[in-house]
Amino acid sequence: MRETPAPNAATSLRAATNRASYPRHVPIGTRWADNDVYGHVNNVVYYAFFDTAVNGLLVEAGVLDIARSPVIGLVVETGCRYHAPIAFPDVVTAGVRVARIGRSSVRYEIGLFRGDADEAAAEGFFVHVYVDRATRRPVALPEPLRTILQGWTSAAEPSLP
């Protein structure tokens with residue numbers, strides 16, 4: 001049996017994407033409490049930025065009512081690649097795109113941009129599986145949601161595996 005060599009730093013790094021790779025943009029202010037003892041935004045906060053950007057856009061588009069929508073998205077996979085630090089009091093812009101739309105799932109990709117930088121400080125993704133709120137069983141994406149998501153797709157290659 002052949003062993004696959006572990007990736008080294010040179011093969012696992014990718015260049016950061018730029019703002020134009022994302023069709024939607026959401027400004028997010030950092031908070032004093034976001035910084036950790038190392039003087040930068042803690043890694044768990046990046047995931048909160050992802051949720052804030054995507055769910056805020058869904059609410060704004062009228063396809064998510066957090067308290068009453070009969071179909072909701074549950075995160076089943078997530079990841080993040082860090083390129084440069086973000087720290088309070090930076091203003092972050094989250095770029096959002098949809099990389100894949102399935103029958104009941106969506107892969108969202110998010111780039112976080114510090115200040116007016118054109119290259120992402122971090123890039124992440126998460127996959128929502130859409131389920132019936134009451135039964136938590138997967139359901140087909142409602143057409144209004146599918147229509148909105150199709151407008152968020154980008155010709156750019158997905159940034160993370």
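Quick caveat: nothing in here was measured; it's all calculated off a predicted structure. Just so you know, residue 1 is the first one in the sequence shown, and it goes up from there.
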(message) As a quick check of understanding, evaluate side-chain contact (heavy atoms from CB on, under 4.5 Å) for T93 and I28, giving each step before the final call.
(response) CA-CA 6 Å; T93 298; I28 302 172; over 6 Å; no
(request) Would you kindly confirm whether V59 and V98 end up in one hydrophobic cluster when ILVMFWY residues are joined by side chain heavy atoms under 4.5 Å apart? (result) yes
(request) Not counting sequence neighbours, which residues clear side chain to side chain contact (heavy atoms under 4.5 Å, CB included) with A61? List them please. (result) V63, I148
Throw together a table of side-chain donor-acceptor distances under 3.5 angstrom for residues 44-56, partners on residues two or more places apart or in other chains.
residue : atom : partner : partner atom : Å
Y47     : OH   : C80     : N            : 3.4
T52     : OG1  : A48     : O            : 2.8
N55     : ND2  : D51     : O            : 3.2

(message) Below 30° counts as parallel, above 60° as perpendicular, anything between as tilted: where do the rings of Y108 and F126 land?
(response) tilted
(request) Please confirm whether the backbone N or O of G111 pairs with a side-chain atom of R97, one donor and one acceptor, at under 3.5 Å? (result) no
(message) Regarding T17 and E123, do their side chains bring together a donor and an acceptor under 3.5 Å, going by distance alone?
(response) yes
(request) Return yes when atom CG of D116 has more than 12 non-hydrogen atoms of other residues, nucleotides or ligands closer than 6.0 Å, and no otherwise. (result) no
(message) Between R114 and D90 (salt bridge meaning N to carboxylate O under 4.0 Å), is one present in this structure?
(response) yes
(request) Measure the CG-CG distance between N42 and N35 for me, rounded to the nearest 0.5 Å. (result) 9.5 Å
(message) Under the rule for side chain to side chain contact (heavy atoms under 4.5 Å, CB included), what residues qualify as partners of R100, not counting sequence neighbours?
(response) S105, R107
(request) Return yes if some donor-acceptor pair links the side-chain N/O of H25 with the main-chain N/O of R19 below 3.5 Å, else return no. (result) yes
(request) Answer yes or no: is there a donor N or O on one side and an acceptor on the other, between the side chain of R133 and the main chain of S69, under 3.5 Å? (result) yes
(request) Show the numbers, then the answer: is there a side-chain contact (heavy atoms from CB on, under 4.5 Å) between V127 and V75? (result) CA-CA 6 Å; V127 176; V75 174; over 6 Å; no
(request) Linking directly or through intermediates, with side-chain heavy atoms under 4.5 Å: list the remaining ILVMFWY members grouped with V91, chain and number order. (result) none
(request) Could you note down all residue pairs passing salt bridge (charged side-chain N to carboxylate O under 4.0 Å, His left out) where residues 34-47 supplies at least one of them, sequence neighbours left out? (result) R31-D34
(message) By the salt bridge (charged side-chain N to carboxylate O under 4.0 Å, His left out) test, which pairs, at least two apart or in different chains, include something from residues 37-49?
(response) none
(message) Check for me, please, whether V92 and W32 land in the same ILVMFWY cluster - side-chain distances under 4.5 Å, paths through other members count.
(response) no
